[in-house]
Amino acid sequence: MKRTTLSLITVVTALGAVTGFAALTAPDGTAAPTAKASTRLPVERAGLLCPAPSTSEVAETLYTSYTPTGTTAATGTTGAGTAATGTAAAQAEKPTARLRPAASGATRGGSSGGGKKAKPPQAPATVTAPGKPVTAEANGGSAPALTGSATGTLAPGWTVQQTTVVPAGGARGLLGLTCGAPDTDFWFPAASTAKERQDYVHLTNPDDTAAVADIELYGPEGPLKSQFTEGIPVPPRSTVPVLLSTLTGETAQRDVTVHVTTRSGRVGAAIGAADDKLGSDWLAAAADPASSAVLPGIPGDATSVRLVAFVPGDDDADLKVQLATTTGTIVPAGAGTLHVKSGMTASVDLPQLTRGQVGSLLLTPSDPKKPAPFVAALQVVRGKGENTEIAFIPATSAISARATVADNRAKVSVLALTAPGAAAQVKVTASAGSGGGTPVSRTVTVKAGTTATLTDLVPQGLKGTYALTVEPVSGGKVYAARTLAVPDDGIPMFTVQTLVDDRGTVEVPSARQDLKVLDD
């Protein structure tokens, strides 16, 4: 008789990568102890969705696709957001990062079609190697929504920016959006059903099976009586735009909170908002409900800032409102608190908020002993009179490992970094340009309770656009947003994108157990 010891480290790691959970039992029936905590491995597949950019005939859209360097993905193919197992077939697979047009579904409520035939993206923003942005154009009013995925070494941190310029018409403006991942639950404070607003929620299904979505609307007095909002079908690999003002027969509301959920499947969701007088931009989903919020990167020359908040739970929220400036945290004059009733959308105007300094809004419970989860977003206006432009800043989460924003341009991009608690250090990297250039990095210190700005970190010999990647180094939590300002014919066009952690790694259980097999 001989005794053979079999180590199952590799087997357990592979099982954990595929299923997220692995359990072992010894031959005698006893449970095998776990000797190691979970670890993090690079993802090997990531999916993103970009809504149809515009219905304007004169729209010009630029897609910028980028994967940062520094995270080597495991080889292999598993599900989205998982680490790979390293099979021989997977090792032979060539990494890809590609977007493809989605079919256009029927518009729900009003028309969003028309315009000249779109110029489709040229091999839609296909990345070939980490570290260099790739761009593609799509002009006209019928440019499609895009869905796609990245695999292998191109998956960790894959980011796509969609930037559209509409120089004239009712949708005039600079519209920017970081294309998002599919999900089942989205919150959009700062939407509107007002007569001067045309707000479409774009639902995009990336999968091969149909999805079914529900839309709930909440105004200042509570839920809006809605019709045609339940069981909205979104066919496979297609997009459906829904005009919010057609979903309710109640009086038009200036401030509305939109809640999108799915009964089956998953979708990408974003709201395209166009104001007849102020301009247009994308409203991205806010961070999940929480008892505090950070809304970073309010431009220093903002002429109007409006805060919109909503409480989905049973308890009201009394919020303390503060502004983290470049020199410290202050209380806005006349707007230090906001009471938000349960199930109702609340708002407050914050005139002359920034006074020439880039700032970030901090929302915390007035009484720390009575926290209540809420969602929030800002509507920001630059310019005056007929020369105005609008943008939105949703509450965002802190950067835990790494975040990237693409389509930055020399002299017109501003990166805002906020440390609401303890001081923090972050590493910021400007990538190579889409047309050439050498990456550069800098370590930035953000003092406690302040917002630091970065405007001069540009690749050496820059040609084209570049990406900015933020990685925490030490200290407290950091929140970030990028403002891209492209003036056009006297209009201060701009858009603001918050930086969200890129989920370049996934947590995988790690265990080791020696099984003793008795052989005769």
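Heavy atoms only: backbone and side chains are in, while hydrogens, waters and symmetry mates are out.
- Contact of the V240 side chain with the P235 side chain is registered, since non-hydrogen atoms from C-beta on lie closer than 4.5 Å.
- For the pair V166 and A171, the tightest heavy-atom approach, listed with the atom from each and the gap, is CB-O, 3.5 Å.
- Counting only distance, with no hydrogens or angles, the side chain of T67 and the backbone of P130 share no donor-acceptor pair below 3.5 Å.
- One N or O on the side chain of T262 and one on the backbone of G265 form a donor-acceptor pair closer than 3.5 Å.
- R237 contributes a side-chain N or O that, together with a main-chain N or O of P206, makes up a donor-acceptor pair within less than 3.5 Å.
- One distance of note links CZ of R306 with CG of L378; it measures 11.5 Å at 0.5 Å rounding.
- Annotation for S238 and A102: closest pair CA-CB, 4.1 Å, computed over non-hydrogen atoms.
- P312 approaches P373 most closely through the heavy-atom pair CD-O, 3.5 Å.
- The CG atom of L62 lies 8.0 Å from the OG atom of S434; values are rounded to the nearest 0.5 Å.
- Here the options are T239, L146, L177, V201, the test is side chain to side chain contact (heavy atoms under 4.5 Å, CB included), and the partner is P51; only L177 passes.
- How far CG of L468 is from CD of Q497: 12.0 Å, rounded to the nearest 0.5 Å.
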For L99 and C50, run side chain to side chain contact (heavy atoms under 4.5 Å, CB included): C-alpha distance rounded to whole Å, both residues' side-chain angles, the deciding distance at 0.1 Å, then the answer.
CA-CA 9 Å; L99 291 165; C50 306; 4.3 Å; yes

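- Within the 4.5 Å cutoff, no side-chain heavy atoms of V470 are placed close to those of R402.
- For D501 and R503, the salt-bridge test fails: no basic side-chain N is under 4.0 Å from an acidic carboxylate O.
- Shown here for D315 and A372, the closest heavy-atom pair between the two residues is O-CB, 3.9 Å.
- The two residues T64 and P133 have their closest heavy-atom pair at CG2-CB, 3.9 Å.
- Side-chain contact of T429 with T469: a donor-acceptor pair under 3.5 Å is absent, judged by distance alone.
- Checked against F188 for a side chain to side chain contact (heavy atoms under 4.5 Å, CB included), the options V260, T257, V375 give a single hit: V260.
- Annotation: side chain of R45 is in contact with side chain of S149 (closest heavy-atom distance under 4.5 Å).
- At least one donor-acceptor pair closer than 3.5 Å links the side chain of D275 to the backbone N or O of K277.
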Could you walk me through whether D255 and T345 satisfy the side chain to side chain donor-acceptor pair (under 3.5 Å) test, starting with their C-alpha distance in whole Å, then the side-chain angles of each, then the deciding distance to 0.1 Å, before giving a yes or no?
CA-CA 7 Å; D255 302 303; T345 298; over 6 Å; no

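- In this structure, R266 and D183 have side chains that are not in contact, with every pair of non-hydrogen atoms separated by 4.5 Å or more.
- In terms of heavy-atom proximity, P156 sits nearest to P42 at CG-CB, 4.1 Å.
- Between the OG1 atom of T483 and the CD1 atom of I298 there is a distance of 10.0 Å, given to the nearest 0.5 Å.
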Evaluate the criterion side chain to side chain contact (heavy atoms under 4.5 Å, CB included) for residue pair L243 and Q198; output intermediate values, then yes/no.
CA-CA 7 Å; L243 180 59; Q198 295 284 307; 3.8 Å; yes

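- Distance alone, capped at 3.5 Å, places no donor-acceptor pair between the D281 side chain and the T495 backbone.
- No donor-acceptor distance shorter than 3.5 angstrom exists from the side chain of S65 to the backbone of Y63, with no hydrogens or angles considered.
- Between the side chains of H259 and D214, not a single donor N or O lies within less than 3.5 Å of an accepting N or O.
- We find the CD-CD distance between E216 and E230 to be 8.0 Å, quoted to the nearest 0.5 Å.
- Proximity of D407 to L484: side-chain heavy atoms (C-beta onward) are separated by under 4.5 Å at one or more points.
- In E221, the CD atom is not crowded: 12 or fewer heavy atoms of neighbouring residues, nucleotides or ligands sit closer than 6.0 Å.
- Side chain of E196 to backbone of A194: no donor-acceptor contact under 3.5 angstrom is found.
- Using a 4.5 Å cut-off on side-chain heavy atoms (C-beta onward), T498 and P296 make contact.
- Taking 4.5 Å as the limit, every side-chain heavy atom of V160 sits out of range of all side-chain heavy atoms of T178.
- At distances below 3.5 Å, not a single donor-acceptor pair connects side-chain atoms of Q161 with backbone N or O atoms of V405.
- At distances below 3.5 Å, at least one donor-acceptor pair connects side-chain atoms of S431 with backbone N or O atoms of A467.
- With rounding to the nearest 0.5 angstrom, the OG atom of S292 is 6.5 Å from the CZ atom of F374.
- Under the 3.5 Å distance criterion, with hydrogens and angles disregarded, a donor-acceptor pair is assigned to the side chains of T61 and T164.
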Start with the C-alpha gap between L244 and T246, add the side-chain angles, then the distance that decides, and say whether side chain to side chain contact (heavy atoms under 4.5 Å, CB included) holds.
CA-CA 5 Å; L244 294 182; T246 64; over 6 Å; no

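- Taking the ring pair (Phe, Tyr, Trp, His ring centres under 6.0 Å) definition, one finds that W282 meets it with H202, sequence neighbours left out.
- For E250 (side chain) and K225 (main-chain N/O), a donor-acceptor pair under 3.5 Å exists by modelled atom type.
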Does the side chain to side chain donor-acceptor pair (under 3.5 Å) test come out yes or no for S192 and D199, once each step is laid out?
CA-CA 7 Å; S192 180; D199 284 21; 5.3 Å; no

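- Taking 4.5 Å as the limit, every side-chain heavy atom of W158 sits out of range of all side-chain heavy atoms of P68.
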How far apart are the C-alpha atoms of T163 and L174, what are their side-chain angles, what is the distance that settles it, and do they pass the side chain to side chain contact (heavy atoms under 4.5 Å, CB included) test?
CA-CA 7 Å; T163 307; L174 178 67; 3.7 Å; yes

